[in-house]
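Below: the structure, in structure tokens.
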Amino acid sequence: MTRTILIIEDNPGIGELVRMQVADLGMQAVLVDRGDDGLERFRQGGVDLVILDLMLPGMDGLAVCREIRSVPGYVPVLMLTAKSSELDRVLGLEMGADDYLTKPFSVAELAARIKALFRRVDALSARQAEGPEADEVEVDGLRIDPVRRRVFVDDREVELTAREFDLLWHFACHRGRVFSRAQLLDSVWGYNHEGYEHTVNTHINRLRNKIEVDPANPRYVQTVWGVGYRFMD
């Protein structure tokens, strides 16, 4: 079945570039240049991935992403932004975006991100089809439910984004093992581009702020200086 990607981008040149790349991947592209119109098209259904610009007329990308995440069912969101500040990236991730690309970007990188998101969706669907295959992990007050994708710290539920959960679960399944940023990009994100290790840093920091009592002195996700990160053993 052909996948459909909804592109919400008001820059005609960038929108057409993304549309052509999606077509080259053998997927159907729907291009919309306003945030409110894009959200209306999303609600009509049949969308497998949303590529969403941050700055849009009608409704900005953060608001659109928030509305997408309020709808039952999971559709991955790849956010595009002309801004490079960490604040803009974090805001997008907080609203539920799965990944982001900062303009300008290469078509090869765009294709890699799209493929990685679909690999992740396919893997999730396969696990759900097989039924519950993993037990909960509970360690030092942290409880992770992989079937319902819920996390609790001292019996208080913590809201994680889809990628934050995947990152935490990957650590929990390999307790004590040290992962470099490049290894985490490859295992959790599904791609490994030199220079994008800051993506891992951002997610680690946000994850720690949510699950650690003292993020500056983490007990769960620990830094191994000069190497990477590990989950407490």
Side-chain angles (χ1 to χ4, degrees), residues 1-125 159 161-166 189-191 193 196 199 202-203:
M1 182 179 297
T2 301
R3 284 167 159 153
T4 298
I5 297 182
L6 174 60
I7 306 161
I8 311 177
E9 168 63 65
D10 65 325
N11 183 303
I14 295 177
E16 181 61 19
L17 178 67
V18 175
R19 187 198 66 77
M20 292 174 60
Q21 183 59 46
V22 168
D24 286 345
L25 292 173
M27 304 176 190
Q28 181 179 355
V30 178
L31 179 57
V32 181
D33 61 3
R34 288 178 57 89
D36 47 358
D37 292 341
L39 181 59
E40 180 179 355
R41 173 59 185 85
F42 173 81
R43 286 172 170 165
Q44 294 173 9
V47 174
D48 300 298
L49 169 67
V50 178
I51 299 179
L52 177 63
D53 189 25
L54 179 63
M55 303 300 293
L56 291 165
M59 177 184 289
D60 66 46
L62 294 177
V64 173
C65 189
R66 183 171 56 245
E67 291 298 318
I68 288 174
R69 285 292 169 254
S70 70
V71 176
Y74 168 69
V75 175
V77 175
L78 173 61
M79 185 162 280
L80 306 179
T81 173
K83 300 180 178 180
S84 59
S85 73
E86 183 176 357
L87 176 61
D88 293 309
R89 297 196 299 268
V90 169
L91 285 174
L93 296 170
E94 284 287 356
M95 291 299 103
D98 296 273
D99 206 349
Y100 64 88
L101 273 176
T102 302
K103 303 173 186 176
F105 50 83
S106 70
V107 292
E109 184 179 1
L110 173 64
R113 300 293 182 101
I114 292 173
K115 292 176 182 178
L117 284 170
F118 279 130
R119 283 198 299 271
R120 179 175 172 274
V121 168
D122 291 342
L124 177 60
S125 297
E159 295 291 337
T161 66
R163 190 55 56 84
E164 288 167 356
F165 182 91
D166 290 343
W189 277 258
Y191 59 82
H193 293 294
Y196 279 84
T199 298
T202 299
H203 279 76

For this session: Give a yes or no on whether the backbone of Tyr100 and the side-chain of Arg113 come within a donor-acceptor separation of less than 3.5 Å.
Result: yes
Exercise. Run the side chain to side chain contact (heavy atoms under 4.5 Å, CB included) check on Lys115 and Leu25 step by step: do they pass?
Worked result: CA-CA 9 Å; Lys115 292 176 182 178; Leu25 292 173; 3.5 Å; yes
Seminar exercise, completed: Taken to the nearest 0.5 Å, the spacing of Leu54 CG from Glu9 CD works out to 10.5 Å
For this session: Would you give the length of the straight line joining atom CG of Leu110 to atom CE of Met20, rounded to the nearest 0.5 angstrom?
Result: 12.5 Å
Scan [options] and name whichever one has a side chain to side chain contact (heavy atoms under 4.5 Å, CB included) with [X].
X     : options                    : value
Ile8  : Val77, Leu56, Asp37, Asp33 : Leu56
Leu52 : Leu80, Val64, Thr81        : Val64
Ile5  : Met27, Arg19, Gln21        : Met27

For this session: Apply side chain to side chain contact (heavy atoms under 4.5 Å, CB included) to the pair Arg41 and Val47, showing each step before the final yes or no.
Result: CA-CA 9 Å; Arg41 173 59 185 85; Val47 174; 3.8 Å; yes
Problem set entry | Of all pairs that satisfy side-chain hydrogen bond (donor to acceptor under 3.5 Å, both in side chains), the ones with a partner from residues 53-67, not counting sequence neighbours | Arg43-Glu67, Asp53-Lys103
For this session: Tell me, with the steps shown, if Arg34 and Met59 meet side chain to side chain contact (heavy atoms under 4.5 Å, CB included).
Result: CA-CA 7 Å; Arg34 288 178 57 89; Met59 177 184 289; over 6 Å; no
For this session: Could you walk me through whether Phe42 and Val32 pass the side chain to side chain contact (heavy atoms under 4.5 Å, CB included) test, one step at a time?
Result: CA-CA 10 Å; Phe42 173 81; Val32 181; over 6 Å; no
Problem set entry | For Leu49 against Pro76, the heavy-atom pair lying closest together | CD1-O, 3.2 Å
Problem set entry | Listed partners of Arg69 passing salt bridge (charged side-chain N to carboxylate O under 4.0 Å, His left out), at least two apart | Asp98
